[in-house]
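Quick note: residue numbers are just sequence positions, from 1. No hydrogens, no waters, no symmetry mates; every other heavy atom, side chains included, goes into these values. Every value quoted in this text rests on a predicted model; they were computed, and no experiment measured them.
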Amino acid sequence: MSTTTQDYYETLGVKKEASADEIKKSYRKLARKYHPDLNPGDNTAEKKFKEINEAYEILSDKKKRAEYDQFGKTPFEGTHGFGGYGTRDYGFGSSSAEDIFSNLFNNFRQEDVPQRGADLVTSFDISLDEAYKGVTRSLTLSREVSCKRCGGSGAETSQSCTHCKGSGSVKQSRGVFKLSQPCPACRGRGKVISKACSACRGSGSNAANDTIKVNIPPGADTGSRVKLRGMGSAGAMGGPAGDLYIELSVKPHSIFKRDGNNIYVDVPVTVVEATLGGKINVPTLDGTVTMTLPPGTDSGKKFKLKGKGMPHRKTSVRGDEFAVIKIIVPKKVTNKTKEALEEIEKAYK
């Protein structure tokens, strides 16, 4: 039930035509000014804080604001029905049970409860060899961390909340219902700050530069992400920290080309090697291996080296490598070389 006859717009210090952003901005400014944590034992500030919350609850909701603009406080001052709204619009005959109970619990705003910190994203460039073997990198990270002095509470000293007697919750009667809700004075924590933490000035977090080790597993590819749980920004109101995501980009290799977990490499051979066949050396991610080239191999022919590709990130099963034959011709042609090539040319006829 409303405890003040003051106009809601006047309470928040905004004009009737104010935008939603203007209302929200003014509310936050006033809420910080009159919050019980910053005004311990000040009954006038506590009363003002409740009036501000009451006004914002109505004006921040499009439907409630429109009804307030049309009818004033009358629809919101009834003592019967659900949430003090009366039975005209919110009785069983005109609204679903989901809407009714949603209205009952909307009084406790999202910013008043512990909230998870923001996730952070950064990126690494790694070589194909590092992606193949895995690598550990050092990363210097700038982020908000929970204040060590106050443990993230924002309090140098605190005392039991007098409004809820330290329980963190209060009971409210809503028509025939009695509901237990988080205490608005201490925001469900059971304690209020009597002196703000000198290290974080009551915010519960500080800016910090941390150098951490990042383990990048074998098989990473461009677009892969490494997740470090709890290494994001500190949470608000004692909430958990967010996570850190590291996006990876694998740089192109000078000789190897990657397609998923498979690797392709061009292998140059001479005309004689391609014609007669023989042993040739093929580079792989593990080093050079020897394979047998069959006689009469055409340029562009692919040979699979099973299990010589990239490891799968989850199973470690390796892909394959494909050796692509590229026939090269001699750059210097002597008379003897010319005669030999002419003899080879006769073999094509």
Side-chain angles (χ1 to χ4, degrees), residues 121-139 213-228 245-349:
V121 180
T122 187
S123 59
F124 273 171
D125 288 339
I126 60 175
S127 68
L128 185 64
D129 290 327
E130 289 173 327
Y132 168 64
K133 298 176 182 178
V135 66
T136 298
R137 287 281 191 87
S138 293
L139 171 66
K213 298 291 185 181
V214 180
N215 294 318
I216 300 173
D221 200 355
T222 295
S224 298
R225 274 188 165 193
V226 175
K227 177 181 178 180
L228 298 182
Y245 291 90
I246 300 173
E247 295 181 342
L248 303 176
S249 178
V250 181
K251 295 181 290 188
H253 195 275
S254 58
I255 63 171
F256 296 114
K257 293 181 181 179
R258 181 177 183 178
D259 183 9
N261 290 328
N262 292 330
I263 293 293
Y264 291 80
V265 60
D266 290 342
V267 181
V269 299
T270 66
V271 175
V272 175
E273 288 174 324
T275 304
L276 302 180
K279 301 290 185 181
I280 60 171
N281 293 326
V282 180
T284 72
L285 293 168
D286 291 321
T288 301
V289 299
T290 301
M291 64 166 280
T292 301
L293 187 70
T297 298
D298 292 328
S299 187
K301 177 73 175 179
K302 297 177 184 177
F303 294 91
K304 183 168 73 174
L305 303 179
K306 189 172 180 59
K308 291 295 184 181
M310 295 289 294
H312 190 280
R313 288 187 65 192
K314 295 182 179 180
T315 65
S316 297
V317 175
R318 292 179 60 176
D320 302 319
E321 178 175 321
F322 292 88
V324 184
I325 301 302
K326 297 294 182 182
I327 298 176
I328 57 174
V329 298
K331 301 299 182 184
K332 183 178 180 180
V333 179
T334 64
N335 289 332
K336 288 185 176 181
T337 302
K338 183 178 179 181
E339 292 174 359
L341 289 173
E342 289 174 346
E343 286 298 318
I344 293 175
E345 179 67 21
K346 294 177 182 179
Y348 287 98
K349 298 179 181 179

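Lys314 pairs by the salt bridge (Lys or Arg N to Asp or Glu O under 4.0 Å) definition with nothing, not counting sequence neighbours. Residues passing the side chain to side chain contact (heavy atoms under 4.5 Å, CB included) test with Asp320, sequence neighbours excluded: Asn262, Lys304, Lys306, Phe322. In this structure Pro268 satisfies the side chain to side chain contact (heavy atoms under 4.5 Å, CB included) test together with Ile328, sequence neighbours excluded. Applying the side chain to side chain contact (heavy atoms under 4.5 Å, CB included) test to Thr297 and every residue at least two apart in sequence or in another chain returns Leu293, Pro294, Lys301, Phe303, Ile325. Taking His253 as the reference, Phe256 meet the ring pair (Phe, Tyr, Trp, His ring centres under 6.0 Å) condition, with sequence neighbours excluded. A search for salt bridge (Lys or Arg N to Asp or Glu O under 4.0 Å) contacts involving Arg137 returns Glu130, not counting sequence neighbours. In terms of the side-chain hydrogen bond (donor to acceptor under 3.5 Å, both in side chains) criterion, residue partners of Thr290 (sequence neighbours excluded) are, by chain and number, Asn281. Considering only residues two or more places apart in sequence or on other chains, Thr288 meets the side-chain hydrogen bond (donor to acceptor under 3.5 Å, both in side chains) condition with none of them. Remark: Asn215 engages Thr136 in a side chain to side chain contact (heavy atoms under 4.5 Å, CB included) (not counting sequence neighbours). In this view, Glu339 satisfies the salt bridge (Lys or Arg N to Asp or Glu O under 4.0 Å) rule with no residue, not counting sequence neighbours. With sequence neighbours excluded, the residues satisfying side-chain hydrogen bond (donor to acceptor under 3.5 Å, both in side chains) with Thr337 are Thr334.
Nearest heavy atom pair, residue Val250 against residue Thr222, reads N-OG1, 2.9 Å. Residues Ala274 and Ile327 share a closest heavy-atom pair of CB-CD1, 3.6 Å. Taking both residues in full, the closest heavy atoms of Gly309 and Ile263 are given as CA-CG1, 4.0 Å, listed atom of the first, atom of the second, then distance. Lys326 approaches Ser299 most closely through the heavy-atom pair CA-OG, 3.7 Å. Taking every heavy atom of both residues into account, Met291 and Ala323 meet most closely at SD-CB, 4.4 Å.
Counting only heavy atoms from C-beta outward, the side chains of Glu247 and Thr122 never approach each other to under 4.5 Å. Considering only heavy atoms from C-beta on, Pro295 stays 4.5 Å or farther from Leu276 through its side chain. Counting heavy atoms from C-beta outward, Thr270 and Thr275 have side chains that stay 4.5 Å or more apart. A heavy-atom distance below 4.5 Å is not found between the side chains of Arg313 and Pro218. Side-chain contact between Val324 and Val267 is absent, with no heavy-atom pair separated by less than 4.5 Å.
Interatomic distance, Lys133 NZ to Ile126 CD1, rounded to the nearest 0.5 Å: 13.0 Å. Separating the CG atom in Asp221 from the CG atom in Leu248 is a distance of 9.0 Å, to the nearest 0.5 Å.
Side chain of Ser224 to backbone of Ala220: no donor-acceptor contact under 3.5 angstrom is found. Using modelled atom types, one side-chain atom of Arg258 and one backbone atom of Gly260 make a donor-acceptor pair closer than 3.5 Å. Without hydrogens or angle criteria, Arg318 side chain to Pro311 main chain gives no donor-acceptor distance under 3.5 Å.
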Determine whether Val214 and Phe124 satisfy the following criterion, side-chain contact (heavy atoms from CB on, under 4.5 Å), listing intermediate values before the conclusion. CA-CA 10 Å; Val214 180; Phe124 273 171; 4.1 Å; yes

side-chain contact (heavy atoms from CB on, under 4.5 Å), that's the test. Do Lys308 and Asp286 meet it? Break it down for me. CA-CA 8 Å; Lys308 291 295 184 181; Asp286 291 321; 3.8 Å; yes

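For residues 259-276, the set of pairs meeting the salt bridge (Lys or Arg N to Asp or Glu O under 4.0 Å) definition, not counting sequence neighbours, is empty.
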